[in-house]
Amino acid sequence: MQVAWLAWESGFDYISRFRSSHISHFGICKVMIKKHQGKSIVCADSTIIDKGDLIGELHLNNKMILTMIKSQGSDRTALMTARLVRKSMKQISEAFTSQPEFSEVRALVGITLLHRGLTHGLGFEQQPMKSGLFQRVTTAYLRLLLSVLHPEGKKRIGRKTEQLIPMMLIHSRGSLRNRFKSVKKVAVAEELWLLQPSSNSL
């Protein structure tokens, strides 16, 4: 099932190239730049994403996650995935300010069942999906994905069905910049400190 699912995802990735204007890979994450097709989204900082606006659609590399699960186990993989996503988010934030492909992108948007543990400390705002056919199809798809990739996926779905509801994770352009700009400043400060001559060397 896992091999078949990954083969299907590879085919879907190929088709996705024609649905987006640009695709970038940032470690464990992939961002597809495309036009927003749903209803308008109002972000917490009052940014409005209307139909036709460019968004960065965020996806995880499920093949990489499955490889880690097989070699490290599910608990350790969860921790490793969280760290890798954090690293990818820093790279994505930098891309929003430095790469021309992202100059008109208004927000970073992802949809996931694992919004409670995966996004801790990343500053995403969470919004429920609008009820309807797309929400039901997305719920079924993500639950199937969890049951295929996670070693305890079927049991987890059975125990916590009511909690496994997909949520939209959103970072407006401004919130993404504000969330990770302090990280950049700290990194620069540390580099400058390392370059300063030590008094012990005199």
Side-chain angles (χ1 to χ4, degrees), residues 1-10 12-13 23-32 44 56-96 107-129 138-172 175-191 194:
M1 280 291 292
Q2 291 173 345
V3 172
W5 186 275
L6 292 177
W8 180 87
E9 279 201 344
S10 296
F12 181 78
D13 284 346
I23 298 176
S24 291
H25 295 268
F26 303 92
I28 199 171
C29 294
K30 176 179 70 176
V31 178
M32 299 171 51
E57 192 175 84
L58 184 65
H59 296 269
L60 290 180
N61 186 327
N62 291 319
K63 184 176 181 179
M64 186 182 297
I65 293 174
L66 179 58
T67 300
M68 289 192 295
I69 289 175
K70 289 181 176 179
S71 62
Q72 304 292 335
S74 58
D75 292 339
R76 182 167 175 75
T77 295
L79 295 174
M80 293 172 65
T81 299
R83 294 191 186 106
L84 290 171
V85 170
R86 187 183 303 275
K87 183 178 180 180
S88 296
M89 288 297 297
K90 296 174 186 176
Q91 297 171 358
I92 293 170
S93 176
E94 179 64 28
F96 263 68
L108 183 68
V109 181
I111 299 176
T112 181
L113 294 175
L114 307 178
H115 44 85
R116 290 172 176 82
L118 183 60
T119 62
H120 178 70
L122 297 179
F124 281 101
E125 66 172 282
Q126 300 180 14
Q127 292 193 21
M129 296 182 65
T138 301
T139 301
Y141 168 78
L142 292 177
R143 287 179 179 176
L144 178 60
L145 174 63
L146 180 61
S147 68
V148 170
L149 296 185
H150 197 286
E152 296 183 357
K154 292 182 180 179
K155 293 180 180 179
R156 187 170 183 177
I157 290 173
R159 293 195 306 264
K160 301 182 178 180
T161 301
E162 71 285 351
Q163 297 180 19
L164 293 176
I165 303 298
M167 297 284 286
M168 287 195 303
L169 307 178
I170 305 171
H171 253 310
S172 70
S175 70
L176 184 65
R177 180 185 64 249
N178 292 334
R179 182 71 186 186
F180 293 99
K181 68 180 180 180
S182 59
V183 175
K184 297 175 188 176
K185 290 180 179 179
V186 170
V188 171
E190 289 177 347
E191 290 178 4
L194 290 172

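This structure is a prediction, so every number in the text was calculated from the model and none was measured. The chain is numbered in sequence order, starting from 1.
For Gln91, the side-chain contact (heavy atoms from CB on, under 4.5 Å) partners are Phe26, Lys87, not counting sequence neighbours. Checked against side-chain contact (heavy atoms from CB on, under 4.5 Å), Ser172 has the following partners two or more places apart in sequence or in another chain: Cys43, Asp45, Thr47, Ser175.
With His171 contributing its side chain and Leu122 its backbone, the two residues share a donor-acceptor pair below 3.5 Å.
Looking only at side-chain heavy atoms (C-beta outward), Lys30 and Asn61 stay at 4.5 Å or farther from each other. Counting heavy atoms from C-beta outward, Cys29 and Leu60 have side chains that approach closer than 4.5 Å. Under the 4.5 Å side-chain criterion, counting only non-hydrogen atoms from C-beta, Met167 is in contact with Pro128. Met89 has its side chain within reach of Leu176: a pair of non-hydrogen atoms, C-beta onward, lies under 4.5 Å apart. Two residues are said to be in side-chain contact when any heavy atoms from C-beta on lie closer than 4.5 Å; Met168 and Ile111 meet this criterion. Counting heavy atoms from C-beta outward, Thr81 and Leu84 have side chains that stay 4.5 Å or more apart.
With values rounded to the nearest 0.5 angstrom, Arg83 atom CZ is found 12.5 Å from Ile28 atom CD1. Here His25 contributes atom NE2 and Met32 contributes atom CE; the two are 10.0 Å apart, rounded to the nearest 0.5 Å. The CD1 atom of Ile65 lies 8.5 Å from the OG1 atom of Thr77; values are rounded to the nearest 0.5 Å.
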Could you walk me through whether Leu169 and Leu58 pass the side chain to side chain contact (heavy atoms under 4.5 Å, CB included) test, one step at a time? CA-CA 9 Å; Leu169 307 178; Leu58 184 65; over 6 Å; no
